[in-house]
Amino acid sequence: MTTTTEPGSTPRTGAGRPHAGRWAALAGVVATGAGLAVAELVAAFVDPASSPVLAAGAAVVDAVPGWLKDLAISWFGTADKAVLLGTIGVVALAGAALVGVLQRRRPPWGAALLAAVGVLAAVVAGLRPEATVLWALPALVGVGVAVALLRALVARVPASPGAPPLPGAPASGPDRRGFLLWTGLTAAGGLVALAASRAVSAGSRAVQAVRESIRLPAPARAAPPVPAGAELGVDGLAPYVTPNESFYRIDTALIVPQVAPQDWSLTVTGLVDEPFTITWDDLLALPLEEHHVTLACVSNEVGGDLVGNALWLGYPVRDLLARARPQAGADMVLSRSTDGFTAGTPLEILQEADRQCLLAVGMNGEPLPPEHGFPARLVVPGLYGYVSATKWVTELKVTRFADDEAYWTPRGWSARGPVKLSSRIDVPRPGDDLPAGTVTLAGVAWAQHTGVAGVEVQVDDGDWTAAELADTVGPDTWRQWRLDWDATPGDHLVAVRATDADGNVQVSEQAPPAPDGSTGWHTIELTIQ
Ligand SMILES: Nc1nc2c(c(=O)[nH]1)N[C@H]1C(S)=C(S)[C@@H](COP(=O)(O)O)O[C@H]1N2
Ligand SMILES: [Mo]
């Protein structure tokens with residue numbers, strides 16, 4: 001608590017009544033604490049990591065220089081995180097007390113300071129690398145509640161003994177009993193909100209803990225190793241395998257579904273002779289396969305980043321279907337997620353002997369991250385995600401396109417979504433400083449399940465020049481490309497196009513993503529100095 005002595009107030013001496021500054025500080029602490037508890041409650045619904053306290057802590061960890069981090073670790077060892085959170089707690093407590101005192105003496109500056117810190121916390125949370133816009137919500141709701149409580153409680157702070165009433169305060173000021181009652185009720189409400197937030201986030205924390213304890217079985221059939229030549233080693237170029245943390249995420253779920261493996265099962269049903277259900281343990285006991293597949297979103301604009309490549313571990317969907325024995329006339333598998341999302345995939349594609357469609361449980365050597373479908377999802381080489389890559393999948397219904405519609409079909413997207421041949425320029429980045437001379441152009445190109453056979457680059461109205469193409473494990477992934485260009489000063493347009501293994505050349509006609517995927521050449525403007 002602060003020990004301010006206000007002008008005109010009697011300094012507190014010994015056993016006298018605490019003066020109003022202390023009550024105001026208490027009001028600040030209780031109002032702020034209740035607001036933080038409400039923020040925790042909102043965060044429990046949005047994402048546990050969107051808690052303003054955790055997000056601010058994470059931002060501090062990212063911002064402190066390496067030497068300070070090393071120093072903290074050498075001083076506090078593994079307790080460094082507890083020390084950091086403790087420090088944030090002490091600073092918050094002191095700040096909250098200050099806000100209370102300020103609000104009493106210089107209204108509305110206490111409330112204004114609190115609001116400013118809350119908005120800052122919302123921005124910090126919203127800018128976390130893994131954040132969605134929703135991450136700003138906990139801090140915004142929390143600070144709204146805190147400001148309202150602060151104003152209400154400070155207005156009820158009893159006057160210091162012997163002090164003249166503050167400007168604007170009624171002559172017969174608020175009484176001490178009333179203040180304590182309101183403060184107590186607020187504190188109790190805050191504790192209830194905190195308990196509720198713990199209860200709500202218990203499910204996701206439990207799922208998180210189970211996920212971390214899982215040791216996935218080794219594949220019965222391992223993926224071919226990634227050849228060294230798959231990486232061209234160009235700075236700023238998308239890596240051949242996309243790390244899970246930077247893998248694009250697209251789904252309709254406002255809150256990431258939390259599905260515990262022990263509660264999960266997958267049912268194969270519909271037009272089949274032998275419907276069946278497998279549990280998580282059943283699935284892990286099957287011979288799993290590993291396969292690199294580049295996933296792409298139909299919403300990806302030309303040059304966009306809604307595409308990524310990962311090593312998936314899972315069980316062939318083909319074998320699940322064989323066990324269920326689809327009936328004649330069926331032509332679609334409607335896969336359904338716990339959150340109600342559905343995708344419709346051509347049955348014959350899932351049955352192809354040489355197409356590795358997986359019921360995946362692993363992504364780049366670890367269990368699927370929750371936002372990528374933990375515990376199980378589908379991955380189908382060659383089809384956009386919206387018609388194939390159902391996350392948190394629990395049902396495969398064998399059916400007919402004539403009888404069933406998947407989630408996106410009545411919303412303006414094609415029932416069938418083969419990935420279109422495409423390519424992208426990653427390097428240079430817009431705004432890069434480019435002196436004349438050799439400029440490296442580089443990017444990626446994909447034609448899942450057919451394979452990319454060539455990439456060409458055109459500068460201004462010049463000829464198309466073949467780029468160097470990196471190695472790949474096979475036709476189901478993208479390939480890096482690069483070309484060293486002898487750049488002359490001035491403004492230039494650089495375009496890229498790919499050719500697939502069947503000899504199809506990427507088309508120049510520009511089409512928007514809807515209804516079945518964008519087309520056109522990725523073209524960038526470069527200014528050479
Ligand atoms: N349950 C569920 N699965 C889903 C979706 C969804 O909205 N809900 N979106 C699909 C779409 S449109 C794409 S592009 C891929 C994206 O997978 P990712 O988020 O792992 O990159 O998931 C697919 N699976
Ligand atoms: Mo998508």
Could you give all pairs that pass the salt bridge (Lys or Arg N to Asp or Glu O under 4.0 Å) test and reach [range], with sequence neighbours left out?
range	value
residues 469-478	none
residues 259-277	Asp273-Arg325, Glu274-Arg325
residues 446-470	Glu456-Arg497
residues 368-393	Asp251-Lys391

Scan [range] for pairs that pass ring pair (Phe, Tyr, Trp, His ring centres under 6.0 Å), counting only residues two or more places apart or in two chains.
range	value
residues 256-285	none
residues 482-505	Trp485-His492
residues 440-463	none

For [X], give me all partners under side chain to side chain contact (heavy atoms under 4.5 Å, CB included), at least two apart in sequence or on another chain.
X	answer
Thr527	Asp491, Gln529
Asp500	Leu421, Ala447, Thr450, Asp502, Asn504
Asp331	Arg400, Phe401, Arg416
Pro475	none

Students often mix this up, so state it plainly: with edges at 30° and 60°, are the rings of Tyr407 and Phe341 parallel, tilted or perpendicular?
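Tyr407 vs Phe341 ring planes: tilted.
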According to side chain to side chain donor-acceptor pair (under 3.5 Å), who are the partners of Ser423, at least two apart in sequence or on a separate chain?
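Ser423 satisfies side chain to side chain donor-acceptor pair (under 3.5 Å) with Gln506 once adjacent residues are dropped.
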Keeping Arg424 on the side-chain end and Gly304 on the backbone end, is there a donor-acceptor pair under 3.5 Å?
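The answer is yes, because a donor-acceptor pair under 3.5 Å joins these two groups.
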Compute whether any side-chain donor of one residue and acceptor of the other, for Ser51 and Glu40, lie under 3.5 angstrom apart.
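Note: Ser51 and Glu40 side chains meet the donor-acceptor criterion.
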Ignoring hydrogens and geometry beyond distance, is a side-chain donor-acceptor pair present between Asp339 and Ser337 at under 3.5 Å?
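Looking only at side-chain atoms, Ser337 and Asp339 do form a donor-acceptor pair, the distance falling under 3.5 Å.
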